[in-house]
Number of protein chains: 2
Amino acid sequence: MVDTAAKLLSEARELIVQGGYNGFSYADLSARLGIRKASIHHHFPSKAGLVVAVVEQARSAIRAQIGLVQNENSIAWDQLLAYIGYWERCIKEQTAPFCLAAVLAAELPNLPEEVATSVRGHFVDLSTWLERVLSLGVSQGSIRLQDTPAIEAQTFIATVYGAMLAARAWDDPDRFTAIVDSFTNRIRVRRQ
Amino acid sequence: MVDTAAKLLSEARELIVQGGYNGFSYADLSARLGIRKASIHHHFPSKAGLVVAVVEQARSAIRAQIGLVQNENSIAWDQLLAYIGYWERCIKEQTAPFCLAAVLAAELPNLPEEVATSVRGHFVDLSTWLERVLSLGVSQGSIRLQDTPAIEAQTFIATVYGAMLAARAWDDPDRFTAIVDSFTNRIRVRRQ
DNA sequence: ATATGCCAACCTATAAGTAGGTAGGTACTG
DNA sequence: CAGTACCTACCTACTTATAGGTTGGCATAT
């Protein structure tokens, strides 16, 4: 039985992905969950606090992924493809057609400071994870980089987010795949 | 003597780039220009109309650039570098640290239909221009593509916008350059 | 009794927009 | 030349709707 706070986080995430920080209100959540705004304030006294909670939830998931990379049985290339595949499915199925942090980053100068801090932390967490995946891939011989793993991780994130934007603008999920493939093709070591 | 409507477009553009469609109001413009909101409505009766006008102004500039590519003296590589250089300067100087269409595209599902249509048109216009530049570069022997010029133009746009997002998230203009360089390095034909 | 989670009622601020008016400038007409 | 009409661009005052949030209360579960 999922509790109200969790549902609020989930719905808030969808609404943010759809229209950004200022594009949704407690009234939207109220309509979606069938509870009054005052009840939402009970769980999340401020909008900024709610959005921080949404971003922090996403960051927790990334940090869990970081933990998985530490597992010595993990295969870097598979993890990278899994991440890409996750977004491909989300974009095709329109379940999560855009990364929360990306849509918030686009309006970063206008965000409440605590939200901006959390969004930046999300970028740092994600790049930390990817840096480790890429480094592992290099040591496993499946990945070849032209720059440091840190720089390449940031490049990859930018590519993924740009690809999401393209998929959204052209209303074509294949744009996402094509654009991300140009990155993966560049770094992949072919075995023959 | 720049007229009021032009100033409104210019300020609206800055405000949109800062915080998106819902992140600014007529009151912000009123404060910036020192005129009352009702006066702004005189020039632009609706917010959607104002934002469409801002986007259409940007599209006009792109179409002017398309005209320049038709000039047989133009050098594709120089045009590409000029476009990149333009954004590098804007991001470093914080004069226009993000592309209008990109920040609007991030919240596309929530935009009024006429605005969404205009934003999509902006993507089409920009990719049309870039497609021509890339095709010209190929025929001039300075550019080598791995896919069709149309696909590569879209990839480039995604890269540029993703790079802007990265520069904004990391608050580091060099992120933009590094990420875009990975694209230009891939397509550039070296002469030696 | 306490904690949790919901509610009604309410508040202030602000958003997009409307209606009627004024002032200055320009063009036209007698 | 003066008067008139029209245009442009601003204004005051106002409207409705909605946003984020506050306060006190009720119901249920432990």
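Letters go in sequence order (proteins before strands), and every chain restarts at 1. In this text, all values refer to a predicted model and were calculated from it rather than measured experimentally.
- Ion pairing between a basic and an acidic side chain is recognised when a charged N comes within 4.0 Å of a carboxylate O; A:Lys92 and A:Asp174 show such pairing.
- One interatomic measurement links the two molecules: NE2 of B:His42 to C1' of C:dG21, which rounds to 14 Å at whole-angstrom precision.
- A:Gly49 comes within 4.0 angstrom of nothing in the nucleic acid, heavy atoms only.
- In this structure A:Ser10 satisfies the side-chain contact (heavy atoms from CB on, under 4.5 Å) test with no other residue, sequence neighbours excluded.
- Checking the phosphate oxygens (OP1, OP2) of D:dA9, no side-chain nitrogen or oxygen of B:Thr4 falls inside 4.0 Å.
- Of the candidates B:Phe176, B:Phe183, B:Phe123, B:Phe123 is the only one forming a ring-ring contact (aromatic ring centres under 6.0 Å, His included) with B:Tyr161.
- For the pair B:His43 NE2 and C:dA16 C1', the computed distance is 17 Å after rounding to whole Å.
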Let me check something: any side-chain donor-acceptor pairs from residues 27-36 of chain A under 3.5 Å, sequence neighbours excluded? List them with distances.
from	atom 1	to	atom 2	distance (Å)
A:Asp28	OD2	A:Ser25	N	2.8
A:Asp28	OD2	A:Ser25	OG	3.4
A:Ser30	OG	A:Ile35	O	2.5
A:Arg32	NH1	A:Glu11	OE1	2.5
A:Arg32	NH1	A:Glu14	OE1	3.1

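- Separating the CD1 atom of B:Ile35 from the P atom of D:dT8 is a distance of 16 Å, rounded to the nearest angstrom.
- The separation between B:Leu8 atom CG and D:dA9 atom C1' is 11 Å, rounded to whole Å.
- In this structure, CG of A:Asp3 is placed 15 Å from C1' of C:dA3, rounded to the nearest angstrom.
- Counting non-hydrogen atoms under 4.0 angstrom, B:Arg36 reaches a base of the nucleic acid.
- With 3.5 Å as the limit, one finds no donor-acceptor pair spanning the side chains of B:Gln154 and B:Ser127.
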I need a per-nucleotide contact map over nucleotides 13-28 of chain D, read 5' to 3'. Cutoff is protein heavy atoms under 4.0 Å; write B for the base, S for backbone only, - otherwise. ------SBBBB-----
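- In this structure, CG of A:Leu33 is placed 13 Å from P of C:dG5, rounded to the nearest angstrom.
- Put simply, CG on B:Leu29 is 13 Å from P on D:dC10, counting in whole angstrom units.
- We find that B:Glu152 and B:Arg186 are joined by a salt bridge, their nearest charged nitrogen and carboxylate oxygen being less than 4.0 Å apart.
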